[in-house]
Amino acid sequence: MTGPDAATATPPAGTRVPQADPRPHGLGASVPPLDALAKAQGTFPYAADLWAEGLLWAAVLRSPHPHARILRIDTAPAVALPGVHSVVTAEDVPGEALQGRRVHDRPVFASELVRHHGEPIAAVAADHPDTARLAAAAIVVEYEVLEPVTDPEQAFNAPPLHPDGNLIRHIPLCFGDPDIIGDVIVEGLYRVGRQDPAPIGAEAGLAVPRPDGGVELYVASTDPHTDRDLAAACFGLEQERVRVVVTGVPGAMGDREDAGMQIPLGLLALRTGHPVKLVATREESFLGHVHRHPTLLRYRHHADTEGRLVKVEAQILLDAGAYADTSAEALAAAVAFACGPYVVSHAFVEGWAVRTNNPPSGHVRGEGAMQVCAAYEGQMDKLAAKLGMDPVELRMRNVMATGDLMPTSQSVTCPAPVGELLQAVREAPLPPLPVDDTEAAWLLPGGPDGAGDPAAVRRGVGYGVGMVHMLGIEGADEVSTATVRISNGSATVICAAVETGQGFSTLARQIVQEVLGVDEVHVAPVDTDQPPAGASARGRHTWVSGGAVERAAKMVRTQLLQPLAARFGMSVELLSIADGKITSYDGVLSTTVAEALEGKELWATAQCRPHPTEPLDEFGQGDAFVGLAFAAMRAVVDVDIEMGTIRVVEVTVAQDVGRVLNPRRLAARIEAGVTQGVGMALMEDLRTSHGLVQKPGFTGYALPTALDAPDVVIAKLVEERDVVASFGAKAAGAVPVVVAPAAVASAVRSATGRPINRLPIRPQNAIVAQPAPPPPHG
Amino acid sequence: MEQVVVTPASLDEAVAALSARPEAVPVAGGTDLMAAVNSGHLRPAGLVGLGRINELRGWQYQDGHALLGAGLTHARMGRPDFAALIPALAAAARTAGPPQIRNAGTLGGNIVTAAPTGDSLPVLAALEATVVLAGPDGASREVPVSHLLTGLDPLRTGELVAFVRVPLLHAPQTFLKATGRSGPARAIASVAVVLDPARRAVRCAVGAVAPVPLRPLEAENWVASCIDWDGKRRIAPEACEAFGDYVAVACVPAPEPEESAPPAGVVQLRRTVSVLARRALGRALA
């Protein structure tokens with residue numbers, strides 16, 4: 001997680017956050033997270049802070065080559081070092097040799113072939129972290145270095161990098177009439193770079209052997225049950241003998257934690273009989289975990305002279321890296337959303353996800369949807385310029401609404417207030433120009449006391465709209481189980497949904513406060529002895545786990561009120577609970593929750609499983625998505641047109657949220673998403689050279705700082721409830737990430753008049769040759 | 001091996017401690033050194049901590065020069081009183097990383113680390129500063145900062161960077177740097193420009209484009225002749241612009257062969273340096 005997404009981050013200056021009520025309680029209130037203070041003060045324990053008596057330290061040996069054949073591994077020099085307890089390689093994996101989130105195609109340790117820079121080859125446990133690192137470095141590996149495949153366009157014809165072949169998935173979406181041609185045609189080629197999730201805390205974990213021959217893994221997993229299943233299979237153990245205990249999660253942008261670290265950690269604990277701890281360095285973290293798919297997009301938009309879209313043709317190529325991970329899902333999202341939240345009657349989108357020897361790609365929020373948003377919004381700007389139309393007006397003529405068909409032939413059944421969102425950001429007041437507001441210090445592109453020159457600064461205003469799916473797609477079984485207990489006027493929630501900073505534990509407390517009327521609600525820590533709740537990603541816990549908590553709480557409520565209702569001869573519906581008191585509709589009955597309990601404990605467990613989806617067929621058709629969320633943004637940027645430096649002054653957001661469950665947290669989620677999107681637009685790109693990761697660290701990989709984060713103004717939150725979603729609410733975290741880069745690129749286009757078709761935007765693409773054009777407005 | 005950390009309270013003690021254990025590494029702010037230690041890249045046999053040496057943390061005046069202690073932090077150099085003395089060094093110090101780094105990192109550390117992106121280095125090069133090195137048995141010698149950085153006259157065993165002698169020019173100076181974001185970041189390129197009205201000279205140095213700061217001497221001499229030194233020190237905008245290009249071409253060489261067009265990276269870096277140099281000179285003469 002980048003800093004701005006931390007649960008406790010204070011909003012950037014200028015953000016308009018709804019006023020907090022003095023004693024927030026229940027749904028719709030700005031209930032603060034319980035761990036906020038500990039996180040702000042640095043006392044909150046994360047996995048890297050764990051300790052066990054007699055623990056050993058692990059280190060992982062990673063490949064220095066992106067593509068090589070392993071001829072020989074000699075661990076003897078490492079074993080011979082004093083203090084080294086165990087060295088494990090592929091030979092020492094007792095169970096399954098392959099693991100992977102969706103497809104089991106990734107070796108725990110590379111044994112014959114190395115397919116990406118940083119792939120694990122061996123792991124060491126020693127009595128000191130330095131000894132472990134030295135021992136890992138002492139392992140002799142002989143490689144036959146092979147030519148890496150680094151250009152995804154070359155992957156089609158390259159020799160297979162993997163027994164499964166280089167093509168992970170191909171979707172040729174066909175919708176409508178291929179022969180139709182519009183009056184106006186615009187074409188574009190777009191590139192999106194490799195964003196790293198860059199969690200504020202790198203991967204870390206502690207593995208503790210159990211007396212029954214099993215092992216417990218204390219890790220910051222966001223999907224503990226999947227991680228447990230993978231680990232157990234590789235250990236050759238029953239799932240019951242492997243327990244994943246979720247520790248504090250220091251930031252998660254998608255699927256967090258690197259199985260290439262957790263599984264070696266558990267293996268070492270099993271072999272040595274000691275607890276084993278590993279704390280990854282930032283460099284290892286960059287090499288080990290999954291990144292956003294670098295994408296190449298080629299588009300052709302056909303429109304009529306009125307600006308109505310006629311046909312969209314697109315080719316989308318995702319660089320999946322060496323292993324499949326969730327690339328098939330990312331590709332489905334990219335292809336399905338390739339036309340954006342616009343009505344298009346004819347669409348022909350061909351998408352491929354291919355293997356290369358580049359760093360691995362996987363789920364980072366907004367996967368697939370973000371890359372295509374940057375491209376289709378670039379096309380809309382291009383089309384507006386060609387037609388001589390206002391870019392907002394052009395978008396307004398094409399926006400999708402409830403009932404329209406997506407190019408996958410799925411009907412949009414949820415609220416889709418795209419036009420209303422766009423209207424809201426268009427009508428929001430623009431920030432003052434510095435010339436009009438001489439009192440305020442003008443932060444120029446280039447930073448305070450920097451090289452920025454007011455005479456060379458041009459302001460640009462750009463727009464973007466976009467969409468993203470919620471929950472797993474294409475038939476994924478989305479289910480969560482939650483248990484609620486009440487005793488003595490306090491309640492407990494047990495649910496394996498991981499709090500990643502997204503606010504699930506706060507939401508669970510709010511739900512129980514609302515339903516059972518008690519203030520004090522505890523959310524139990526998560527481990528895999530609890531029933532599965534699925535991954536903390538794609539907004540699923542608000543919907544699925546939140547829904548399960550609500551059902552369980554309602555079942556407890558019925559159990560609590562049933563005896564009272566029976567005694568007074570009225571139905572349960574006529575009783576209400578608030579502030580720990582139970583009252584009847586006529587006020588005759590009034591008692592407290594504690595009295596009604598009569599010393600009993602009430603428990604209930606419930607599940608939530610949204611309606612099923614179906615896989616896309618051979619032509620990319622099918623009802624693949626459970627829910628969709630939309631947002632519109634207006635970005636205001638200042639560009640130093642001589643240097644090409646860019647500062648995003650303000651981003652105005654209008655978002656389709658279904659229902660506001662916690663205003664302050666919602667604002668924080670939007671700010672965090674916008675900031676991550678600004679990072680994608682301006683600076684975040686993990687560079688590689690011949691497959692080797694360049695500068696894997698925060699000096700080389702620039703993230704937005706407080707000075708780079710724009711003022712985020714929430715112009716409108718459209719609360720049109722989604723009837724099928726729990727509480728009618730839509731997850732809010734992903735859609736700002738999807739739209740913000742497109743809006744920023746659009747604003748830079750408007751400031752410079754240059755075609756911005758590459759993210760992140762490089763300075764040379766934002767430089768305007770003299771003479772400079774007049775500013776677009778003001 | 002036994003690890004020893006000593007924290008002397010005076011420069012003499014520090015030099016003596018270093019003579020006693022020549023394998024020990026002096027550490028001031030530790031912003032570069034300790035990062036290398038923590039990541040396991042460096043395992044010094046001993047450390048000589050310079051943080052307690054008060055005589056290195058301030059500055060004194062000596063015949064038209066300021067003798068700056070090597071232990072001056074970036075935060076201290078960024079303050080207005082220092083900025084009135086040596087504006088370009090203050091400007092460089094203010095951009096040298098986030099507050100935590102500026103509070104710890106020192107002038108001497110910047111010189112010894114000699115990172116290509118060290119922000120104070122182009123300023124020191126433009127000022128033609130000299131470094132006072134304290135050696136064993138009270139020996140002391142002065143080396144031009146460029147000789148130290150290029151390795152022409154490197155630090156010898158047992159020597160410490162004690163002071164930096166900088167001329168007080170009583171004229172505008174500027175330091176500008178190009179970075180990849182608005183927040184603190186390493187320089188893509190940086191330019192320092194100092195005016196020396198007494199000698200009717202302009203001195204300029206470009207940082208971050210090469211392992212050491214580069215001086216475009218011909219461009220300096222040429223532009224000095226374009227300035228109306230007796231009047232309001234004005235310069236024609238065209239001359240200012242030409243100066244930028246002159247500096248850029250001098251400091252960012254194109255790879256061989258010369259006939260073909262330079263690669264895109266060189267063109268972009270030249271453009272950046274050119275704009276920085278033009279703006280830096282323009283602001284110095286404004």
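Note: hydrogens, waters and symmetry copies are ignored here, and every other heavy atom, side chains too, is used. Chain letters run A, B, ... following the sequence lines, proteins first and then strands; every chain starts at 1.
Using a cut-off of 4.0 Å between Lys/Arg side-chain N and Asp/Glu carboxylate O, D453(A) and R283(B) are scored as not salt-bridged. A salt bridge links E642(A) to R278(B): one of the charged nitrogens lies within less than 4.0 Å of a carboxylate oxygen. The pair R279(B)-D640(A) counts as a salt bridge, with a side-chain nitrogen and a carboxylate oxygen less than 4.0 angstrom apart.
Of the two parts of A178(B), the backbone and the side chain both hold a non-hydrogen atom closer than 4.5 Å to a non-hydrogen atom of chain A. Contacts between T645(A) and chain B at a heavy-atom distance below 4.5 Å involve the side chain alone, from C-beta outward. When heavy atoms are compared at a cutoff of 4.5 Å, P763(A) approaches chain B by way of both its backbone and its side chain. Only the side chain of I767(A) comes within contact range of chain B, with heavy atoms under 4.5 Å apart.
Note: T699(A) leads L682(A), T699(A), T281(A) in heavy-atom pairs under 4.5 Å with chain B. If you tally non-hydrogen atom pairs under 4.5 Å between each of G183(B), A264(B), S190(B), S182(B) and chain A, the highest count goes to S182(B). Among the candidates A456(A), P445(A), P129(A), G452(A), the residue making the largest number of heavy-atom pairs closer than 4.5 Å to chain B is G452(A).
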>> Assess the residue pair L276(B) and M643(A) against the criterion (side-chain contact (heavy atoms from CB on, under 4.5 Å)); give the C-alpha distance rounded to whole Å, side-chain angles, the decisive distance to 0.1 Å, and a yes or no.
In response: CA-CA 8 Å; L276(B) 286 177; M643(A) 302 269 294; 3.7 Å; yes

> Run the side-chain contact (heavy atoms from CB on, under 4.5 Å) check on Q268(B) and R762(A) step by step: do they pass?
Replying inline: CA-CA 10 Å; Q268(B) 171 61 14; R762(A) 299 177 300 176; over 6 Å; no

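At least one donor-acceptor pair under 3.5 Å links the side chain of R181(B) to the backbone N or O of L703(A).
Applying the 6.0 Å contact sphere to CZ of R102(B) captures more than 12 heavy atoms from other residues, nucleotides or ligands.
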